[in-house]
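Input: a single structure, listed below in structure tokens.
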Amino acid sequence: MTKVILVTGASSGIGLALCERLLSHDPEGLQLCLACRDVQRARDARAALLASHPTAHVTLVQMDTSSVSSVIGAAQEVKRRYNRLDFLYLNAGIMPNPHFDVKAFFRGLFSSRIVTMFATGGGGILTQEDRVTADGLQEIFMTNLFGHFLLIRELEPILCHAGLTSQLIWTSSSNAHPSAFSVDDIQHRRGTQPYSSSKYACDLLSLALNTHYNKQGLYSSVTCPGFVMTSLTYGILPFFPPFLWTLLMPLFWLIRILTNTFTLTPYNGAEALLWLFKQQPESLDPQAKYQSSTSGLGKNYTQPRKMDVDLHMSEVLILSVKCCSL
Ligand SMILES: NC(=O)C1=CN([C@@H]2O[C@H](COP(=O)(O)OP(=O)(O)OC[C@H]3O[C@@H](n4cnc5c(N)ncnc54)[C@H](OP(=O)(O)O)[C@@H]3O)[C@@H](O)[C@H]2O)C=CC1
Ligand SMILES: CC(C)=CCC[C@@H](C)[C@H]1CC[C@H]2C3=C(CC[C@]12C)[C@@]1(C)CCC(=O)[C@@H](C)[C@@H]1CC3
């Protein structure tokens, strides 16, 4: 039976690589819908996918996850086109106005946090300046988490079907950290790490969605693509042109020997997202984060890692998120 798959943020990076890998895995049996904010970039992505898979079914829907009306409009269009959705990849994400804290970076280099700092971008080396959207919500929270929550809520009728299962697959991050998140400030209006907070909220929300929807056949899983060279990463050091990142690649390959989370290419980063596509959702651990990993010799594999999440907090978050959507 044909599987219907919707991917948010499919116009570049990990989302686009995932689409390519899904089509290589099953070129005929999929109906792929690319949900992108920029129509021209979406068209370019579709053309690139069709160039390598000319007989594939690939459609587009315009959706900006940072806008409530855009998400609701796109969901209506998706429901009009399909009466069932098998996979929903919640991948669109931003880390705008990042600041690289050089002091924290050098402090980390001479501390016991050196490996975790490289593997997770944690230890305060990255902070961001957030904005408020036209809907009055924090942009990073809205784009990475809340827009996706609204999308799931709107698509519920085509995600939940008696006797069938569907999967939600989040692109979270190893940068998701409980210390950046507070249930009293779920949008992270007050802190300096809104990206980390939004990704930790994705981890919590996924857990709560499993509690609420498993009995209706809907399962949610969390992935981490590792550290990947994409436009999101290039944006971290805007004064650092992409060719300088390329010069750093030998150093990154060396670091990969110490931490297999340096997946580096979008193809490698999409590993866990594709792996989940091939699993029975009932067999997955709702408290695991499925990590794309690449060995020093370049072999890709998926590793489950226990998330630092608790059920009570996940329930508090889903209630707060529902309140935001009223
Ligand atoms: N790169 C990395 O090392 C890591 C990335 N991630 C996560 O992976 C995901 C993909 O990022 P990555 O591929 O790296 O980066 P890219 O910037 O290449 O891709 C991000 C995608 O999200 C889309 N997007 C951004 N904002 C919106 C919006 N408001 N509405 C709809 N789509 C939007 C972008 O669209 P457009 O083309 O229009 O900009 C783009 O297609 C993100 O969630 C990111 O947080 C997690 C861990 C590590
Ligand atoms: C210039 C040199 C030699 C090193 C700088 C490397 C950092 C810029 C780099 C190291 C770990 C990276 C990282 C991310 C961004 C760039 C780093 C801090 C992320 C935070 C990007 C987004 C994510 O979601 C994380 C999982 C990444 C974790 C690692």
Side-chain angles (χ1 to χ4, degrees), residues 13-14 93-130 140 144 170-182 188 190-204 222-242 244-266 268-269 271-272 288-298 300-309:
I14 296 156
I94 50 164
M95 189 198 259
N97 313 313
H99 296 281
F100 186 68
D101 188 331
V102 181
K103 272 193 201 148
F105 177 70
F106 280 104
R107 264 201 313 273
L109 275 187
F110 300 103
S111 76
S112 57
R113 288 180 288 115
I114 176 164
V115 175
T116 40
M117 174 183 83
F118 272 110
T120 67
I125 61 171
L126 279 174
T127 59
Q128 305 87 37
E129 263 169 54
D130 209 351
I140 299 181
N144 298 359
W170 295 83
T171 310
S172 179
S173 166
S174 56
N175 192 243
H177 206 276
S179 63
F181 177 80
S182 162
H188 205 86
R190 295 190 285 274
T192 55
Q193 296 184 71
Y195 179 81
S196 180
S197 167
S198 73
K199 292 295 178 181
Y200 185 70
C202 293
D203 299 356
L204 281 175
V222 177
T223 63
C224 172
F227 171 47
V228 187
M229 306 309 296
T230 62
S231 45
L232 183 142
T233 312
Y234 296 138
I236 288 168
L237 298 174
F239 50 86
F240 213 64
L244 282 181
W245 283 102
T246 311
L247 288 183
L248 282 174
M249 286 307 268
L251 174 66
F252 291 156
W253 285 324
L254 282 178
I255 297 173
R256 189 195 266 176
I257 297 170
L258 297 176
T259 165
N260 51 15
T261 60
F262 267 47
T263 48
L264 300 179
T265 65
N268 296 345
E271 180 70 20
K289 183 176 284 186
Y290 293 91
Q291 164 87 50
S292 298
S293 308
T294 307
S295 73
L297 294 174
N300 286 325
Y301 57 102
T302 298
Q303 268 185 314
R305 297 226 167 114
K306 205 79 184 161
M307 293 193 287
D308 188 0
V309 285

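The chain is numbered in sequence order, starting from 1.
Within the model, atoms CD1 of I255 and CG of L248 stand 8.5 Å from one another, a figure rounded to the nearest 0.5 Å. Distance CG/L232 to CD1/I14: 8.0 Å, rounded to 0.5 Å. Rounding to the nearest 0.5 Å places CG of L126 at 8.5 Å from CD of Q193. We find the OG-NE2 distance between S197 and H177 to be 12.5 Å, quoted to the nearest 0.5 Å. Annotation: the span from M249 atom CE to M229 atom CE amounts to 6.0 Å, rounded to 0.5 Å. Separating the CD1 atom in I114 from the OG1 atom in T116 is a distance of 9.0 Å, to the nearest 0.5 Å.
With sequence neighbours excluded, no residue forms a ring pair (Phe, Tyr, Trp, His ring centres under 6.0 Å) with Y301. Every residue was checked against the salt bridge (Lys or Arg N to Asp or Glu O under 4.0 Å) condition with D130, not counting sequence neighbours, and none meets it. Annotation: ring pair (Phe, Tyr, Trp, His ring centres under 6.0 Å) contacts of F262 (sequence neighbours excluded): F227, F252. With sequence neighbours excluded, the residues satisfying ring pair (Phe, Tyr, Trp, His ring centres under 6.0 Å) with F105 are F100, F118.
Within the 4.5 Å cutoff, no side-chain heavy atoms of E271 are placed close to those of T263. H188 has its side chain out of reach of I140: every pair of non-hydrogen atoms, C-beta onward, lies at least 4.5 Å apart. By the 4.5 Å heavy-atom criterion applied to side chains, Y195 and P98 are not counted as neighbours.
Here the shortest heavy-atom pairing between P194 and Q128 reads CD-OE1, 3.2 Å. Of all the heavy atoms in G93 and N144, the pair that sits closest is CA-OD1, 3.2 Å. Residues S172 and V222 share a closest heavy-atom pair of CB-CG1, 3.4 Å. Closest of all the heavy-atom pairs between S173 and C224 is C-SG, 3.8 Å. The shortest heavy-atom contact between Y290 and A272 is O-CB, 3.5 Å. Across every non-hydrogen atom of V228 and P266, the tightest pair is CG1-N, 3.4 Å.
Test R305, K289, K306 against D203 for salt bridge (Lys or Arg N to Asp or Glu O under 4.0 Å) and you get one pass: K289.
Applying the 6.0 Å contact sphere to CG of L247 captures more than 12 heavy atoms from other residues, nucleotides or ligands.
Counting only residues at least two apart or in different chains, side-chain hydrogen bond (donor to acceptor under 3.5 Å, both in side chains) contacts with residues 93-115 comprise H99-E129. Every pair tested for salt bridge (Lys or Arg N to Asp or Glu O under 4.0 Å) that includes a residue from residues 225-237 fails, sequence neighbours excluded, so the list is empty.
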task = Mind running side-chain hydrogen bond (donor to acceptor under 3.5 Å, both in side chains) on T294 and N260 for me, showing each step along the way?
result = CA-CA 5 Å; T294 307; N260 51 15; over 6 Å; no

